[in-house]
Every structure is written in C-alpha cells, then in structure tokens.
Amino acid sequence: MPDFSRFLLASDLDGTFFGPHAILLEKNLKAVAYFKAHGGHFTTATGRVVPNINRVITDCAALFNAPAITSNGAYIYDYATQTAIHKTEMNAPALKELILRLEEMNPNIGMRVSTEKGFLVNANRINPMMEKEIASPYFVGEIIPAKDWDTQNAQWYKVVLRGSYEELCTIRDELYPVWGSLFEFCSSSPTLFEMEAKGCTKATGVAYVAHLLEKQYGYPITTVTVGDQENDLPMLREADFSACPENALDSVKAVAKWRLCHHAEGCVAELIQRLENL
C-alpha cells in the first residue's frame, strides 16, 4: 500500500488542476481522493481569492485537506475551520497611488484588487476583458472608482491589471524602477499582470503550510508543486519535487522536474502516479 503522508501536494488551479473552462476533471478528483486516502496532504496554490474559489469548487473543505494558498500566497485559508490563518497585506495607500497613476498612464487597462470578500474593481477602468470577468457567474466583488477606495480600512492582497500583452509589458517595465521595491511582479497569463506585497509568492505560501504540517504531525514534509505560468515559478523552484503540464510556458518547463500531460487530460492524476512510483 502506498504511503503519501510525507507529501504536501500544492497545485495551481487554472491551466493545471482544472480542465478547460475551469471544469473539474473526474480523473484528477479520483487521483486526489486516492492520494489523501493514503495519507497525502493536498491543497491549491492559486491566484484566485477564496470567495471566487468557492463559486467554482462547491466543497473545498472536502477537496483540500491542507490550508489553501490563495492570492499568490498572500492569503492562506483553512477550509476545515473556515478561517484565514495567515495574511500578507499590500501597502494600501501606496497601491491606491499606483492605480491612480495607472489611470493617467493607460486608459485601456482594466484594474482589480483581491480582498477577503472578493474583487474590488476600478469602475473607471473597465475594458472588454474586465467586462467579461464581471459578467462571469464566478465573479464576486464591488465596482467602485479607485479614487473612492478606502485605504484606511483596506485589506488588499493582490492587484491585477488586465490588458494586451504588449501594453502590460510596457507598464511592467515602467513601474518596476519605482514600485519594484514595494511589490512582487508576476503574470498568470499574457493578459494578466499581477502584484503582491514584496516577498510574498506561492513559494512562501507553500513553505508556510509545510511548516504547519510539520508542527502538527512531527515529521518532515516533502513539498510537491505543479503549475503552468510565471506566478508558479517561485514555488516550482523551491519545492522538493516540481512538475508542469504540457501546456505550461517554456520558462516553466525549464524549471519543473517533471513534464506532465496537458491539463485537459488530467495532469495532477499523472503527477500522483509518479509520486507513487518514487
């Protein structure tokens, strides 16, 4: 009988654990159930926020038996107790200043911030991509002009800019010299540029959860991570074992230990099979 008790498996969701259009694949679900039944610790490391994840996955407490790493590591949530157990907030006044400057720099860029309750969308910068997000049944949040955002009581964990690849590359290059010391810069698709608090990544989230498990169970935890985009690179580099689906970026394939099948074919199931064969 396999023993997965020493493994923490943290999977990205979009383009990795999910199939096309955020579909839950039965192949992955069965493999994860098998993994957990034999002692494994399974969770997600995603850029999504908790309310949004809850819209896509109806029973997160049953799926994730380790705390979920959300907002690219900035918000760690325990579905078993329905509580946040670790938060890394962004500098709200500085972030608001940045967003107001971005309004002047490029009128075509959509903007939203991740909060505990969902998304805070800048009503003055809603492009067609952001309109599609808002129209989605998975959208949870508020739409308010950035100038009216309350920084005094803010708990913001990630900002996302929506635009064309070329526009986002230009903005990233322009922002980094001034704001690179305050925020982490990354991307989760060609049309999504993301920022979190400096030093906060999916890797720090995975390390935090692994440490919790080690304290709880009293034995070393081996970290296993799988993802497909730039925001997954830190956790792939830091994990004991790393993997990526066939649809991953070339830069991700260059870092991952194992290259798996396409996410539409159940790459997490293949990863669990590889762990069993170690």
Side-chain angles (χ1 to χ4, degrees), residues 1-14 16-18 22-89 114-119 138 140-141 155-158 196 200-227 231-232 235 238-241 268-269 271-272 275-276:
M1 296 291 287
D3 179 8
F4 295 123
S5 60
R6 67 188 178 101
F7 291 118
L8 168 64
L9 171 50
S11 175
D12 177 45
L13 291 179
D14 298 280
T16 305
F17 184 69
F18 290 155
I23 294 172
L24 287 167
L25 300 177
E26 190 65 23
K27 184 176 181 180
N28 283 339
L29 293 173
K30 286 182 177 179
V32 167
Y34 176 79
F35 176 76
K36 294 187 298 181
H38 292 87
H41 311 284
F42 180 71
T43 191
T44 183
T46 179
R48 288 178 180 255
V49 296
V50 169
N52 175 259
I53 298 169
N54 292 341
R55 290 282 182 96
V56 185
I57 302 172
T58 55
D59 194 351
C60 294
L63 180 59
F64 305 126
N65 65 344
I69 301 151
T70 73
S71 294
N72 286 342
Y75 194 85
I76 300 177
Y77 186 81
D78 186 356
Y79 276 101
T81 61
Q82 298 185 25
T83 57
I85 58 175
H86 188 69
K87 305 176 185 179
T88 307
E89 297 175 15
S114 298
T115 75
E116 288 185 314
K117 296 180 179 179
F119 298 126
Y138 303 130
V140 182
Q155 291 182 314
W156 299 342
Y157 302 99
K158 187 180 79 164
E196 302 85 39
C200 179
T201 67
K202 290 186 179 185
T204 60
V206 171
Y208 183 88
V209 173
H211 180 64
L212 287 181
L213 294 175
E214 287 176 342
K215 289 202 303 182
Q216 179 178 352
Y217 293 101
Y219 53 75
I221 292 293
T222 299
T223 54
V224 183
T225 59
V226 55
N231 64 338
D232 298 311
M235 72 172 183
E238 296 297 325
D240 296 305
F241 295 97
V268 172
L271 174 56
I272 290 170
L275 293 176
E276 185 172 11

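These numbers were taken from a predicted model, which means no experiment stands behind them.
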Asker: Taking all non-hydrogen atoms of both residues into account, name the closest pair between Val56 and Ala22 and its distance.
Answerer: CG1-O, 3.7 Å
Asker: For residues Ser5 and Tyr219, determine if any side-chain heavy atom of one lies less than 4.5 Å from a side-chain heavy atom of the other.
Answerer: yes
Asker: Rounded to the nearest 0.5 Å, what's the gap from CD on Glu196 to OG1 on Thr204? Could you check?
Answerer: 9.0 Å
Asker: Kindly compute the distance separating CD1 (Ile76) from OG1 (Thr70), expressed to the nearest 0.5 Å.
Answerer: 8.0 Å
Asker: Is it true that Lys87 and Glu116 make a salt bridge, defined as a side-chain N closer than 4.0 Å to a carboxylate O?
Answerer: yes
Asker: Please round to the nearest 0.5 Å and tell me the distance separating atom CZ of Arg48 and atom CG of Asp12.
Answerer: 9.5 Å
Asker: Report the C-alpha distance between Glu276 and Tyr34 in whole Å, list the side-chain angles of each, state the deciding distance to 0.1 Å, and finish with yes or no for side chain to side chain donor-acceptor pair (under 3.5 Å).
Answerer: CA-CA 11 Å; Glu276 185 172 11; Tyr34 176 79; 2.7 Å; yes
Asker: Any side-chain heavy-atom pair from Leu63 and Leu29 closer than 4.5 angstrom?
Answerer: yes
Asker: Would you call the rings of His86 and Tyr208 parallel, tilted or perpendicular, where under 30° means parallel and over 60° means perpendicular?
Answerer: parallel
Asker: Return the minimal non-hydrogen interatomic distance between Val49 and Gly118, and the atom names on each side.
Answerer: CG2-CA, 4.1 Å
Asker: Ignoring hydrogens, what is the shortest heavy-atom contact between Ala239 and Thr225? Give both atom names and the distance.
Answerer: CB-OG1, 3.3 Å
Asker: For Glu238 and Ala203, which heavy atoms make the closest approach, and how far apart are they?
Answerer: CG-CB, 3.9 Å
Asker: My understanding is that only residues two or more places apart in sequence, or in another chain, count here; which of them pass ring pair (Phe, Tyr, Trp, His ring centres under 6.0 Å) with Phe42?
Answerer: Phe17, Phe64
Asker: When you compare the side chain of Leu8 with that of Val209, does any pair of heavy atoms fall below 4.5 Å?
Answerer: yes
Asker: Taking the ring centre of each residue, are His41 and Tyr217 less than 6.0 Å apart?
Answerer: yes
Asker: Do Thr83 and Asp78 pair up side chain to side chain, a donor and an acceptor below 3.5 Å, judged on atom types alone?
Answerer: no
Asker: Between Lys202 and Asn231, is any pair of side-chain heavy atoms under 4.5 Å apart?
Answerer: yes
Asker: Within the structure provided, determine whether Leu9 and Thr43 are in side-chain contact (heavy-atom separation under 4.5 Å).
Answerer: no
Asker: May I ask you to decide if Gly47's main-chain N or O and Lys158's side chain share a donor-acceptor pair within less than 3.5 Å?
Answerer: yes
Asker: For Asp59, check side chain to side chain donor-acceptor pair (under 3.5 Å) against everything at least two apart and list the hits.
Answerer: none
Asker: Begin with the C-alpha distance, continue with both residues' side-chain angles, and end with the deciding distance and a verdict on side chain to side chain donor-acceptor pair (under 3.5 Å) for Asp240 and Thr223.
Answerer: CA-CA 5 Å; Asp240 296 305; Thr223 54; 3.2 Å; yes
Asker: Start with the C-alpha distance between Phe4 and Lys36, add both sets of side-chain angles, then the distance that settles side-chain contact (heavy atoms from CB on, under 4.5 Å), and finish with yes or no.
Answerer: CA-CA 8 Å; Phe4 295 123; Lys36 294 187 298 181; over 6 Å; no
Asker: So which atom in Ile221 and which in Ala210 form the shortest heavy-atom distance, rounded to 0.1 Å?
Answerer: CG1-O, 4.0 Å
Asker: First locate atom CD1 of Ile23, then atom CZ of Phe18, and finally report the distance between them rounded to the nearest 0.5 Å.
Answerer: 10.5 Å
Asker: Let me see the working for Phe119 and Ser114 under side-chain contact (heavy atoms from CB on, under 4.5 Å), right down to the final yes or no.
Answerer: CA-CA 5 Å; Phe119 298 126; Ser114 298; 3.8 Å; yes
Asker: Does the Thr16 side chain pair with the main chain of Leu13, one donor and one acceptor, at a distance under 3.5 Å?
Answerer: no
Asker: Under the side chain to side chain donor-acceptor pair (under 3.5 Å) rule, collect the residues that match up with Gln155, sequence neighbours excluded.
Answerer: Glu89
Asker: Quick one, Phe241 with Thr222, criterion side-chain contact (heavy atoms from CB on, under 4.5 Å). Give me CA distance, side-chain angles, the key distance, then yes/no.
Answerer: CA-CA 8 Å; Phe241 295 97; Thr222 299; 3.7 Å; yes
Asker: SG/Cys60 to CG/Asn65 distance, rounded to the nearest 0.5 angstrom?
Answerer: 12.5 Å
Asker: Which heavy atom of Ala68 sits nearest to which heavy atom of Tyr79, and what is that distance?
Answerer: CB-CE1, 3.7 Å
Asker: Rounded to the nearest 0.5 Å, how far apart are CG of Asn52 and CZ of Arg55?
Answerer: 8.5 Å
Asker: Any side-chain donor-acceptor pair under 3.5 Å between Thr44 and Thr46?
Answerer: no
Asker: Does a side chain donor of either Tyr138 or Asn54 reach within less than 3.5 Å of an acceptor in the other side chain?
Answerer: no
